[in-house]
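To start, the structure under review is shown below, and the notes come after it.
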Protein chains: 2
Amino acid sequence: MSPTTLDEETWGVRTLMGVHDLYTRLDQVVEEVNIDPPLSRNARKLIVSIPFPRKMGELADTLGVTKPAFTALADDLEKQGTLRRERHPDDRRAWLLALTEQGETARRALMLQANHFVQSVTGLNAKDQAELTRLLDVIRETNGNTECPYS
Amino acid sequence: MSPTTLDEETWGVRTLMGVHDLYTRLDQVVEEVNIDPPLSRNARKLIVSIPFPRKMGELADTLGVTKPAFTALADDLEKQGTLRRERHPDDRRAWLLALTEQGETARRALMLQANHFVQSVTGLNAKDQAELTRLLDVIRETNGNTECPYS
DNA sequence: TCCATTTAGTTCAGAATATGAACTATTCAG
DNA sequence: CTGAATAGTTCATATTCTGAACTAAATGGA
(Lines give C-alpha, C1' and ligand atoms only; values in the text may rest on other atoms or scores of the structure.)
Protein backbone atom coordinates (compact mmCIF):
# COMPACT_ATOMS: atom_id res chain seq x y z
CA MET A 1 0.00 0.00 0.00
CA SER A 2 1.41 3.34 -0.99
CA PRO A 3 2.61 5.61 1.76
CA THR A 4 0.40 8.60 2.27
CA THR A 5 1.17 12.05 3.50
CA LEU A 6 -1.25 14.06 5.56
CA ASP A 7 -2.48 16.10 2.67
CA GLU A 8 -2.93 13.14 0.31
CA GLU A 9 -6.04 12.21 2.25
CA THR A 10 -8.09 15.38 1.92
CA TRP A 11 -10.93 15.56 -0.52
CA GLY A 12 -9.66 18.94 -1.74
CA VAL A 13 -6.34 17.45 -2.82
CA ARG A 14 -7.98 14.47 -4.48
CA THR A 15 -10.37 16.76 -6.35
CA LEU A 16 -7.58 19.07 -7.46
CA MET A 17 -5.44 16.24 -8.76
CA GLY A 18 -8.41 14.43 -10.25
CA VAL A 19 -9.55 17.46 -12.21
CA HIS A 20 -6.02 18.08 -13.42
CA ASP A 21 -5.62 14.49 -14.53
CA LEU A 22 -8.99 14.33 -16.30
CA TYR A 23 -8.38 17.65 -18.04
CA THR A 24 -4.94 16.61 -19.26
CA ARG A 25 -6.15 13.32 -20.66
CA LEU A 26 -9.24 14.81 -22.30
CA ASP A 27 -6.97 17.38 -23.87
CA GLN A 28 -4.72 14.68 -25.29
CA VAL A 29 -7.64 12.72 -26.72
CA VAL A 30 -9.24 15.79 -28.25
CA GLU A 31 -5.89 16.61 -29.82
CA GLU A 32 -6.07 13.36 -31.79
CA VAL A 33 -9.23 14.41 -33.60
CA ASN A 34 -8.39 15.37 -37.16
CA ILE A 35 -9.86 18.69 -38.17
CA ASP A 36 -9.44 20.58 -41.37
CA PRO A 37 -7.82 23.07 -41.14
CA PRO A 38 -5.68 21.82 -38.22
CA LEU A 39 -6.29 23.72 -35.00
CA SER A 40 -3.99 24.46 -32.10
CA ARG A 41 -4.93 23.42 -28.59
CA ASN A 42 -6.23 26.90 -27.76
CA ALA A 43 -8.10 27.11 -31.04
CA ARG A 44 -9.97 23.89 -30.32
CA LYS A 45 -10.88 25.10 -26.86
CA LEU A 46 -12.08 28.34 -28.32
CA ILE A 47 -14.37 26.99 -31.02
CA VAL A 48 -15.96 24.63 -28.52
CA SER A 49 -16.72 27.66 -26.36
CA ILE A 50 -18.57 29.53 -29.11
CA PRO A 51 -22.02 27.96 -29.55
CA PHE A 52 -23.21 31.48 -30.44
CA PRO A 53 -21.46 34.86 -30.80
CA ARG A 54 -19.69 35.86 -27.58
CA LYS A 55 -17.65 38.79 -26.32
CA MET A 56 -13.91 38.59 -26.68
CA GLY A 57 -13.21 39.49 -23.06
CA GLU A 58 -15.53 36.75 -21.83
CA LEU A 59 -13.91 34.20 -24.10
CA ALA A 60 -10.45 35.24 -22.89
CA ASP A 61 -11.62 34.50 -19.34
CA THR A 62 -13.11 31.19 -20.45
CA LEU A 63 -9.77 30.17 -21.92
CA GLY A 64 -7.80 31.53 -18.98
CA VAL A 65 -5.56 33.84 -21.03
CA THR A 66 -5.03 37.61 -21.09
CA LYS A 67 -6.68 39.87 -23.65
CA PRO A 68 -3.48 40.44 -25.70
CA ALA A 69 -2.97 36.67 -26.01
CA PHE A 70 -6.59 36.25 -26.93
CA THR A 71 -6.41 38.98 -29.58
CA ALA A 72 -3.55 37.13 -31.27
CA LEU A 73 -5.44 33.83 -31.21
CA ALA A 74 -8.57 35.46 -32.63
CA ASP A 75 -6.49 37.14 -35.35
CA ASP A 76 -5.07 33.79 -36.45
CA LEU A 77 -8.46 32.11 -36.56
CA GLU A 78 -10.02 35.05 -38.39
CA LYS A 79 -7.25 34.93 -41.00
CA GLN A 80 -7.72 31.19 -41.30
CA GLY A 81 -11.44 31.69 -41.93
CA THR A 82 -12.60 29.80 -38.85
CA LEU A 83 -14.29 32.73 -37.14
CA ARG A 84 -15.18 36.36 -37.69
CA ARG A 85 -15.45 39.44 -35.54
CA GLU A 86 -18.81 41.21 -35.29
CA ARG A 87 -19.63 44.55 -33.73
CA HIS A 88 -21.41 44.46 -30.41
CA PRO A 89 -24.89 45.94 -30.94
CA ASP A 90 -24.81 48.00 -27.74
CA ASP A 91 -21.19 48.63 -26.90
CA ARG A 92 -18.91 50.00 -29.57
CA ARG A 93 -15.78 49.07 -27.60
CA ALA A 94 -16.71 45.42 -27.60
CA TRP A 95 -16.46 42.78 -30.31
CA LEU A 96 -18.26 39.50 -30.59
CA LEU A 97 -16.71 36.39 -32.08
CA ALA A 98 -18.85 34.14 -34.22
CA LEU A 99 -17.90 30.97 -36.04
CA THR A 100 -17.95 30.89 -39.82
CA GLU A 101 -19.44 27.91 -41.65
CA GLN A 102 -15.97 26.40 -41.69
CA GLY A 103 -15.67 26.96 -37.95
CA GLU A 104 -19.09 25.43 -37.32
CA THR A 105 -18.05 22.37 -39.30
CA ALA A 106 -14.88 21.99 -37.26
CA ARG A 107 -16.80 22.49 -34.03
CA ARG A 108 -19.35 19.91 -35.05
CA ALA A 109 -16.57 17.41 -35.82
CA LEU A 110 -15.41 17.73 -32.22
CA MET A 111 -18.87 17.78 -30.69
CA LEU A 112 -20.09 14.68 -32.49
CA GLN A 113 -17.29 12.66 -30.96
CA ALA A 114 -17.46 14.20 -27.50
CA ASN A 115 -19.54 11.37 -26.03
CA HIS A 116 -17.10 8.81 -27.38
CA PHE A 117 -13.92 10.31 -26.11
CA VAL A 118 -15.29 11.44 -22.78
CA GLN A 119 -16.41 7.85 -22.26
CA SER A 120 -13.05 6.48 -23.33
CA VAL A 121 -11.16 8.74 -20.93
CA THR A 122 -13.42 8.47 -17.88
CA GLY A 123 -14.30 4.78 -18.17
CA LEU A 124 -17.35 5.44 -15.98
CA ASN A 125 -20.57 3.46 -16.12
CA ALA A 126 -23.64 5.30 -17.43
CA LYS A 127 -24.99 6.17 -13.99
CA ASP A 128 -21.70 7.61 -12.74
CA GLN A 129 -21.13 9.46 -16.02
CA ALA A 130 -24.55 11.09 -15.73
CA GLU A 131 -23.77 12.08 -12.18
CA LEU A 132 -20.42 13.58 -13.16
CA THR A 133 -22.10 15.56 -15.93
CA ARG A 134 -24.76 16.81 -13.53
CA LEU A 135 -22.16 17.93 -10.97
CA LEU A 136 -20.16 19.78 -13.61
CA ASP A 137 -23.37 21.49 -14.82
CA VAL A 138 -24.12 22.58 -11.25
CA ILE A 139 -20.63 24.03 -10.86
CA ARG A 140 -20.92 26.02 -14.07
CA GLU A 141 -24.38 27.32 -13.22
CA THR A 142 -23.28 28.29 -9.72
CA ASN A 143 -20.67 30.55 -11.15
CA GLY A 144 -22.71 32.01 -13.94
CA ASN A 145 -20.49 30.42 -16.50
CA THR A 146 -23.14 28.85 -18.61
CA GLU A 147 -23.20 30.25 -22.10
CA CYS A 148 -25.88 32.83 -22.63
CA PRO A 149 -26.41 35.06 -25.59
CA TYR A 150 -25.51 38.61 -24.73
CA SER A 151 -28.55 40.66 -23.88
CA MET B 1 -33.79 30.39 -21.89
CA SER B 2 -30.68 30.23 -23.96
CA PRO B 3 -30.91 28.74 -27.41
CA THR B 4 -29.20 25.39 -27.72
CA THR B 5 -27.56 23.73 -30.64
CA LEU B 6 -27.72 20.02 -31.23
CA ASP B 7 -24.36 19.27 -29.74
CA GLU B 8 -24.91 21.49 -26.70
CA GLU B 9 -27.26 18.86 -25.39
CA THR B 10 -25.01 15.83 -25.23
CA TRP B 11 -23.52 14.74 -21.96
CA GLY B 12 -20.13 14.42 -23.62
CA VAL B 13 -20.09 18.08 -24.60
CA ARG B 14 -21.31 19.22 -21.19
CA THR B 15 -18.65 17.11 -19.48
CA LEU B 16 -15.89 18.39 -21.77
CA MET B 17 -16.82 22.02 -21.21
CA GLY B 18 -17.46 21.48 -17.53
CA VAL B 19 -14.05 19.92 -16.94
CA HIS B 20 -12.38 22.69 -18.90
CA ASP B 21 -14.19 25.37 -16.95
CA LEU B 22 -13.47 23.81 -13.57
CA TYR B 23 -9.82 23.25 -14.42
CA THR B 24 -9.35 26.85 -15.60
CA ARG B 25 -10.91 28.32 -12.50
CA LEU B 26 -9.07 26.02 -10.09
CA ASP B 27 -5.88 26.99 -11.87
CA GLN B 28 -6.61 30.69 -11.39
CA VAL B 29 -7.38 30.25 -7.72
CA VAL B 30 -4.29 28.14 -7.08
CA GLU B 31 -2.24 30.81 -8.82
CA GLU B 32 -3.26 33.28 -6.12
CA VAL B 33 -1.63 31.26 -3.36
CA ASN B 34 1.59 32.93 -2.31
CA ILE B 35 4.49 30.52 -2.17
CA ASP B 36 8.11 31.23 -1.42
CA PRO B 37 9.94 30.96 -3.77
CA PRO B 38 7.30 31.90 -6.38
CA LEU B 39 6.38 29.04 -8.69
CA SER B 40 5.19 29.03 -12.27
CA ARG B 41 1.95 27.35 -13.23
CA ASN B 42 3.74 24.19 -14.37
CA ALA B 43 5.92 24.18 -11.27
CA ARG B 44 2.88 24.24 -8.99
CA LYS B 45 1.29 21.40 -10.90
CA LEU B 46 4.52 19.46 -10.67
CA ILE B 47 5.11 19.72 -6.94
CA VAL B 48 1.51 18.74 -6.27
CA SER B 49 2.13 15.61 -8.34
CA ILE B 50 5.15 14.49 -6.31
CA PRO B 51 3.93 13.03 -3.01
CA PHE B 52 6.93 10.69 -3.25
CA PRO B 53 9.81 10.28 -5.72
CA ARG B 54 8.53 9.62 -9.25
CA LYS B 55 10.01 9.00 -12.67
CA MET B 56 10.54 11.97 -14.93
CA GLY B 57 8.80 10.40 -17.91
CA GLU B 58 5.71 9.66 -15.85
CA LEU B 59 5.63 13.17 -14.49
CA ALA B 60 5.96 14.62 -18.01
CA ASP B 61 2.86 12.61 -18.97
CA THR B 62 1.06 13.77 -15.83
CA LEU B 63 1.72 17.38 -16.80
CA GLY B 64 0.91 16.80 -20.44
CA VAL B 65 4.25 18.08 -21.81
CA THR B 66 7.05 16.48 -23.82
CA LYS B 67 10.22 15.20 -22.20
CA PRO B 68 12.43 18.09 -23.42
CA ALA B 69 9.99 20.61 -21.94
CA PHE B 70 9.89 18.61 -18.74
CA THR B 71 13.69 18.44 -18.53
CA ALA B 72 13.85 22.25 -18.65
CA LEU B 73 11.21 22.61 -15.95
CA ALA B 74 12.99 20.10 -13.71
CA ASP B 75 16.29 21.92 -14.28
CA ASP B 76 14.79 25.21 -13.12
CA LEU B 77 13.26 23.69 -9.99
CA GLU B 78 16.44 21.82 -9.17
CA LYS B 79 18.47 25.02 -9.48
CA GLN B 80 15.94 26.80 -7.32
CA GLY B 81 16.29 24.11 -4.63
CA THR B 82 12.69 22.94 -4.81
CA LEU B 83 13.44 19.41 -5.96
CA ARG B 84 16.32 17.05 -6.64
CA ARG B 85 17.04 14.26 -9.07
CA GLU B 86 17.76 10.77 -7.73
CA ARG B 87 19.00 7.70 -9.56
CA HIS B 88 16.44 5.00 -10.22
CA PRO B 89 17.48 1.93 -8.19
CA ASP B 90 16.74 -0.53 -11.01
CA ASP B 91 17.03 1.40 -14.25
CA ARG B 92 20.13 3.48 -14.90
CA ARG B 93 18.45 5.34 -17.76
CA ALA B 94 15.73 6.66 -15.50
CA TRP B 95 15.76 9.46 -12.94
CA LEU B 96 13.37 10.04 -10.08
CA LEU B 97 12.34 13.47 -8.90
CA ALA B 98 11.93 14.07 -5.19
CA LEU B 99 10.99 17.24 -3.36
CA THR B 100 13.52 18.90 -1.08
CA GLU B 101 12.46 20.22 2.32
CA GLN B 102 11.79 23.55 0.63
CA GLY B 103 9.67 21.82 -1.98
CA GLU B 104 7.74 19.88 0.65
CA THR B 105 7.01 23.15 2.45
CA ALA B 106 5.70 24.75 -0.73
CA ARG B 107 3.64 21.66 -1.52
CA ARG B 108 2.17 21.64 1.95
CA ALA B 109 1.22 25.31 1.62
CA LEU B 110 -0.88 24.39 -1.41
CA MET B 111 -2.28 21.19 0.03
CA LEU B 112 -3.44 22.74 3.28
CA GLN B 113 -5.61 25.16 1.35
CA ALA B 114 -6.88 22.68 -1.21
CA ASN B 115 -10.16 22.04 0.60
CA HIS B 116 -10.82 25.75 0.85
CA PHE B 117 -10.24 26.71 -2.71
CA VAL B 118 -11.85 23.64 -4.21
CA GLN B 119 -14.92 24.52 -2.14
CA SER B 120 -14.79 28.15 -3.21
CA VAL B 121 -14.61 27.24 -6.89
CA THR B 122 -17.13 24.40 -7.01
CA GLY B 123 -19.69 25.85 -4.60
CA LEU B 124 -21.06 22.31 -4.09
CA ASN B 125 -22.75 21.08 -0.94
CA ALA B 126 -20.88 18.47 1.11
CA LYS B 127 -22.72 15.52 -0.37
CA ASP B 128 -22.16 16.58 -3.98
CA GLN B 129 -18.54 17.47 -3.27
CA ALA B 130 -17.93 14.00 -1.83
CA GLU B 131 -19.55 12.46 -4.87
CA LEU B 132 -17.42 14.54 -7.25
CA THR B 133 -14.29 13.48 -5.36
CA ARG B 134 -15.32 9.84 -5.52
CA LEU B 135 -15.97 10.00 -9.27
CA LEU B 136 -12.61 11.64 -9.92
CA ASP B 137 -10.91 8.96 -7.79
CA VAL B 138 -12.63 6.25 -9.84
CA ILE B 139 -11.47 7.84 -13.09
CA ARG B 140 -7.86 8.00 -11.91
CA GLU B 141 -7.89 4.43 -10.63
CA THR B 142 -9.46 3.15 -13.85
CA ASN B 143 -6.56 4.47 -15.81
CA GLY B 144 -3.82 3.46 -13.46
CA ASN B 145 -3.00 7.05 -12.79
CA THR B 146 -3.02 6.91 -9.04
CA GLU B 147 0.36 7.68 -7.59
CA CYS B 148 2.29 4.61 -6.58
CA PRO B 149 5.88 4.31 -5.55
CA TYR B 150 7.95 2.69 -8.24
CA SER B 151 8.41 -0.99 -7.58
C1' DT C 1 -24.16 68.20 -18.51
C1' DC C 2 -19.39 67.52 -17.90
C1' DC C 3 -15.45 65.06 -16.78
C1' DA C 4 -12.61 61.70 -14.40
C1' DT C 5 -12.48 56.95 -14.13
C1' DT C 6 -13.17 52.55 -15.92
C1' DT C 7 -13.55 49.24 -19.51
C1' DA C 8 -12.72 46.62 -24.34
C1' DG C 9 -9.55 45.51 -27.26
C1' DT C 10 -4.94 46.39 -29.76
C1' DT C 11 0.05 46.94 -30.29
C1' DC C 12 4.60 46.03 -28.83
C1' DA C 13 8.76 44.27 -26.77
C1' DG C 14 10.28 40.74 -24.47
C1' DA C 15 9.70 36.47 -21.53
C1' DA C 16 8.17 31.88 -20.90
C1' DT C 17 7.12 27.54 -22.58
C1' DA C 18 6.88 24.32 -26.03
C1' DT C 19 8.26 20.93 -29.93
C1' DG C 20 10.80 17.68 -33.06
C1' DA C 21 15.16 15.90 -34.40
C1' DA C 22 19.22 14.00 -33.04
C1' DC C 23 21.96 12.30 -29.60
C1' DT C 24 24.00 9.07 -25.60
C1' DA C 25 23.30 5.57 -22.29
C1' DT C 26 20.74 1.77 -20.94
C1' DT C 27 17.32 -1.99 -21.13
C1' DC C 28 14.88 -5.63 -23.32
C1' DA C 29 13.43 -9.39 -26.23
C1' DG C 30 14.41 -12.67 -29.64
C1' DC D 1 24.77 -11.35 -28.56
C1' DT D 2 22.51 -7.80 -31.03
C1' DG D 3 18.99 -4.85 -32.97
C1' DA D 4 15.16 -2.31 -31.36
C1' DA D 5 13.15 0.32 -27.90
C1' DT D 6 13.30 3.39 -24.01
C1' DA D 7 14.84 7.51 -20.64
C1' DG D 8 16.44 11.65 -20.61
C1' DT D 9 19.32 15.60 -22.70
C1' DT D 10 20.69 19.14 -26.07
C1' DC D 11 19.61 22.26 -29.65
C1' DA D 12 17.40 25.23 -32.87
C1' DT D 13 13.26 27.05 -33.59
C1' DA D 14 8.27 27.85 -33.00
C1' DT D 15 4.42 29.01 -30.23
C1' DT D 16 2.24 31.24 -26.69
C1' DC D 17 2.22 34.34 -23.16
C1' DT D 18 2.51 38.79 -20.27
C1' DG D 19 2.60 43.70 -18.78
C1' DA D 20 2.76 48.36 -20.20
C1' DA D 21 0.97 51.68 -22.96
C1' DC D 22 -2.28 53.07 -26.10
C1' DT D 23 -7.08 54.54 -28.40
C1' DA D 24 -11.98 54.54 -28.32
C1' DA D 25 -16.02 54.19 -25.78
C1' DA D 26 -18.98 53.77 -21.62
C1' DT D 27 -20.17 54.96 -16.94
C1' DG D 28 -21.12 57.31 -12.78
C1' DG D 29 -20.84 61.08 -9.75
C1' DA D 30 -20.65 65.95 -8.93
Side-chain angles (χ1 to χ4, degrees), chain A residues 20 23-24 27-28 30-32 35 37-47 49-50 53-80 82-98 149-151, chain B residues 20 23-24 27-28 30-32 35 37-47 49-50 53-80 82-98 149-151:
Chain A
H20 179 260
Y23 174 86
T24 301
D27 207 53
Q28 284 164 352
V30 168
E31 188 157 345
E32 289 165 19
I35 296 175
L39 296 174
S40 69
R41 175 181 290 179
N42 269 355
R44 283 192 307 275
K45 286 175 195 167
L46 180 55
I47 70 174
S49 304
I50 309 182
R54 292 182 66 194
K55 287 173 69 174
M56 290 181 67
E58 265 186 34
L59 288 164
D61 288 342
T62 295
L63 257 64
V65 298
T66 59
K67 285 178 169 168
F70 189 83
T71 294
L73 176 63
D75 284 350
D76 289 344
L77 290 170
E78 188 174 36
K79 256 184 216 118
Q80 193 185 46
T82 299
L83 59 73
R84 65 177 181 272
R85 282 175 166 90
E86 294 176 353
R87 301 307 301 260
H88 193 288
D90 303 324
D91 184 343
R92 293 197 288 186
R93 296 170 299 178
W95 289 89
L96 304 175
L97 292 189
Y150 60 87
S151 60
Chain B
H20 179 261
Y23 173 87
T24 300
D27 206 54
Q28 284 166 351
V30 167
E31 187 156 347
E32 289 166 18
I35 295 176
L39 296 174
S40 69
R41 175 181 291 178
N42 269 356
R44 282 193 308 274
K45 287 173 192 168
L46 180 55
I47 71 173
S49 305
I50 310 182
R54 293 182 67 192
K55 288 172 68 173
M56 290 181 67
E58 265 185 34
L59 288 164
D61 287 344
T62 295
L63 257 63
V65 298
T66 59
K67 287 179 168 172
F70 190 82
T71 294
L73 176 63
D75 284 351
D76 289 344
L77 290 171
E78 189 174 36
K79 260 187 212 113
Q80 194 185 47
T82 299
L83 60 72
R84 66 180 180 272
R85 282 176 165 89
E86 295 176 353
R87 300 309 299 264
H88 194 287
D90 304 323
D91 185 343
R92 292 196 287 187
R93 293 169 299 178
W95 288 89
L96 304 175
L97 292 189
Y150 60 88
S151 60

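Here is how names work: the chains are called A, B, and so on, in the same order as the sequence lines, proteins then strands, and each is numbered from 1. Since the structure is predicted, the reported quantities are computational estimates derived from the model, not experimental observations.
- If you measure from atom CZ of B:Phe70 to atom C1' of C:dG20, you get 19 Å, rounded to the nearest angstrom.
- A:Trp95 has its CH2 atom 11 Å from the C1' atom of C:dA8, to the nearest Å.
- Remark: C1' of C:dA8 and NE2 of A:His88 are 10 Å apart, rounded to the nearest angstrom.
- C:dC12 atom C1' lies 13 Å from atom CG of A:Asp75, rounded to whole Å.
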- Task: Starting at the 5' end of nucleotides 24-30 of chain C, put B wherever the base has a protein heavy atom under 4.0 Å, S where only the sugar-phosphate does, and a dash everywhere else.
- Result: -BBS---

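- Between A:Thr66 and D:dC17, a side-chain N or O to OP1/OP2 separation shorter than 4.0 Å is absent.
- Two residues are said to be in side-chain contact when any heavy atoms from C-beta on lie closer than 4.5 Å; B:Leu46 and B:Leu39 fail this criterion.
- Within the nucleic acid shown, B:Ala69 comes within 4.0 Å of at least one base atom, counting heavy atoms only.
- Neither OP1 nor OP2 of D:dG8 sits under 4.0 Å from any side-chain N or O of B:Thr71.
- Closest-nucleotide positions on DNA chain C for A:Arg85 and A:Arg41 were compared, and the one nearer the 5' end corresponds to A:Arg85.
- Rounded to a whole Å, the CZ atom of A:Arg44 is 10 Å from the P atom of D:dT16.
- A:Met56 has its side chain within reach of A:Leu97: a pair of non-hydrogen atoms, C-beta onward, lies under 4.5 Å apart.
- Each of B:Arg87, B:His88, B:Arg93 was checked for a side chain to side chain donor-acceptor pair (under 3.5 Å) with B:Asp91, and the lone residue meeting it is B:Arg93.
- Look at A:Arg85 and A:Asp75 and you find a salt bridge, because one of the NZ, NE, NH1 or NH2 atoms lies within 4.0 Å of a carboxylate O, short of that distance.
- In this structure, A:His20 NE2 and B:Tyr23 OH are separated by 4.0 Å, a value rounded to the nearest 0.5 Å.
- Between A:Leu77 atom CG and D:dT15 atom P there is a gap of 14 Å when expressed in whole angstrom units.
- For the side chain to side chain donor-acceptor pair (under 3.5 Å) test, no residue two or more places apart in sequence or in another chain qualifies with B:Gln28.
- Counting to the nearest Å, the C1' atom of D:dT18 and the CG atom of A:Asn42 are 14 Å from each other.
- Under the salt bridge (Lys or Arg N to Asp or Glu O under 4.0 Å) criterion, B:Asp27 pairs with B:Arg41, not counting sequence neighbours.
- Among the nucleotides D:dT10, C:dT17, C:dA8, the one closest to any side-chain atom of B:Ser40 is C:dT17.
- The separation between A:Glu86 atom CD and C:dA8 atom C1' is 17 Å, rounded to whole Å.
- Mapping A:Gly64 and B:Pro68 onto DNA chain D via the closest heavy atom, the residue that lands nearer the 5' end is B:Pro68.
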